[in-house]
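I have placed the structure first, in the form of structure tokens, so that the comments after it can refer back to it.
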Amino acid sequence: MKNILAIQSHVVFGHAGNSAAEFPMRRLGANVWPLNTVQFSNHTQYGQWTGCVMPANHLSEIVQGIADIGQLQRCDAVLSGYLGSAEQGEQILGIVRQVKAANPAAKYFCDPVMGHPEKGCIVAPGVAEFHTRYAMPASDIIAPNLIELEILTGHAVNSVDQAVSAARELIAQGPQIVLIKHLARAGYRLDKFEMLLVTADEALHISRPLVDFGARQPVGVGDVTSGLLLVKLLQGATLREALEHVTAAVYSVMAVTKEMKEYELQVVAAQDQIAKPEVRFTASVV
Ligand SMILES: Nc1ncnc2c1ncn2[C@@H]1O[C@H](COP(=O)(O)OP(=O)(O)O)[C@@H](O)[C@H]1O
Ligand SMILES: Cc1ncc(COP(=O)(O)O)c(C=O)c1O
Ligand SMILES: [Mg+2]
């Protein structure tokens, strides 16, 4: 069993952050240690929520507790996602160092969740800068969407070739694997949902059909995508196997969500499809 310390948001109602990713990751057979950066009533795309951001030192305090009972060396990866404050970022980097000292084989997977005012994703000030300056160079795997990729590289990305080069600019600074979770307007086709998985010497492209949700797109898709990719890689899947499985699993969650006429991701209803998707999408080498 692989053990993943997952540091991201928790919402009581619905699915985002750990509340989106934790169950699907477990359904694939990994142990998840959820460490919540915030506890909110619901995700921020409702435009209103209640709850609080955890004090930054809460994160390291919890990890120290795990170290104190002699279990930290069993951690195979740290996953970080939605942060409640930039100060939490500093604590997370300390946690990554502490975990790697306890288990030198452990990986740091960074989902650099940044604010996206147009989409209604609201993130605290300083978090985008934290991801760009500190988290990206410290990560082993990073999974930006297109806008996050542009912020991380500091320039526009308008095509698949540019996206591959941009991913390799990041690779030159730290991570070995970059997943571009949504190519959007930089993809080959606007009527598909496309992703790229890039390493120093490999680039894989995959696409799945768009599911029509109109203007109200489900939230947490990126969080599920990142969590599942990490589990597959830790379990020894090849890059191609991991990318193809994640694409089919997340597509199935979207399709079930649409079928049930829901807005919140239906990860429980779609659980069998997460583990063994019936659809299959094939990645191609760029
Ligand atoms: N197959 C699909 N059909 C339609 N929309 C999708 C599909 N897969 C994902 N999406 C939507 O695409 C968007 C991906 O958002 P993006 O900002 O690129 O990444 P993230 O989820 O990390 O924020 C989400 O709004 C999600 O609901
Ligand atoms: C509390 C919370 N966590 C996480 C996310 C990230 O979700 P996504 O996977 O869509 O990037 C959001 C987006 O609005 C959010 O409000
Ligand atoms: Mg995201």
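Please read all numbers here as calculations on a predicted model, not as lab measurements. Just so you know, ligand 1 is whichever comes first in the structure, and atom 1 is the first atom listed for that ligand.
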**Asked** Is a salt bridge present between R280 and E241, judged by a nitrogen-to-oxygen distance below 4.0 Å?
**Response** no

**Request:** Following the transitive rule for hydrophobic clusters with a side-chain heavy-atom cut-off under 4.5 Å over Ile, Leu, Val, Met, Phe, Trp and Tyr, establish whether V250 and L183 coincide in one cluster.
**Result:** no

**Message:** Between ligand 1 and V211, is the shortest N or O to N or O distance under 3.5 Å?
**Reply:** yes

**Asked** Can you find an N or O of T44 that's nearer than 3.5 Å to an N or O of ligand 2?
**Response** yes

**Item:** Identity and distance of the protein heavy atom lying nearest atom 8 (P) of ligand 2
**Value:** G220 N, 3.5 Å

**Prompt:** If we only count N/O pairs under 3.5 Å, is L210 in contact with ligand 1?
**Reply:** no

**Prompt:** Got the closest protein heavy atom to atom 27 (O) of ligand 1, with its distance?
**Reply:** P218 O, 2.7 Å

**Prompt:** Which residue from R208, K258, K181, H182 reaches closest to atom 13 (C) of ligand 1 through any of its heavy atoms?
**Reply:** H182

**Complete:** The atoms of ligand 2 lying under 4.0 Å from a heavy atom of G222, numbered in the order shown, are 9 (O)

**Item:** Nearest non-hydrogen protein atom, atom 11 (O) of ligand 2
**Value:** D223 OD1, 4.1 Å

**Complete:** Within the 4.0 Å heavy-atom cut-off, what C121 brings close to ligand 2 is both

**Asked** Is there at least one pair of N or O atoms, one from Q217 and one from ligand 1, spaced under 3.5 Å apart?
**Response** yes

**Prompt:** Ring centroid separation for H43 and Y46, is it under 6.0 angstrom?
**Reply:** yes

**Message:** Once you restrict to heavy atoms under 4.0 Å, what part of N145 touches ligand 2? Side chain, backbone, both or neither.
**Reply:** neither

**Message:** Ring centres under 6.0 Å, that's the criterion: do H182 and F193 meet it?
**Reply:** yes

**Asked** Are any of the N or O atoms of Y82 closer than 3.5 Å to those of ligand 2?
**Response** no

**Message:** Looking at D223 and K181, is there a salt bridge between them, counting it only when a charged N and a carboxylate O are closer than 4.0 Å?
**Reply:** no

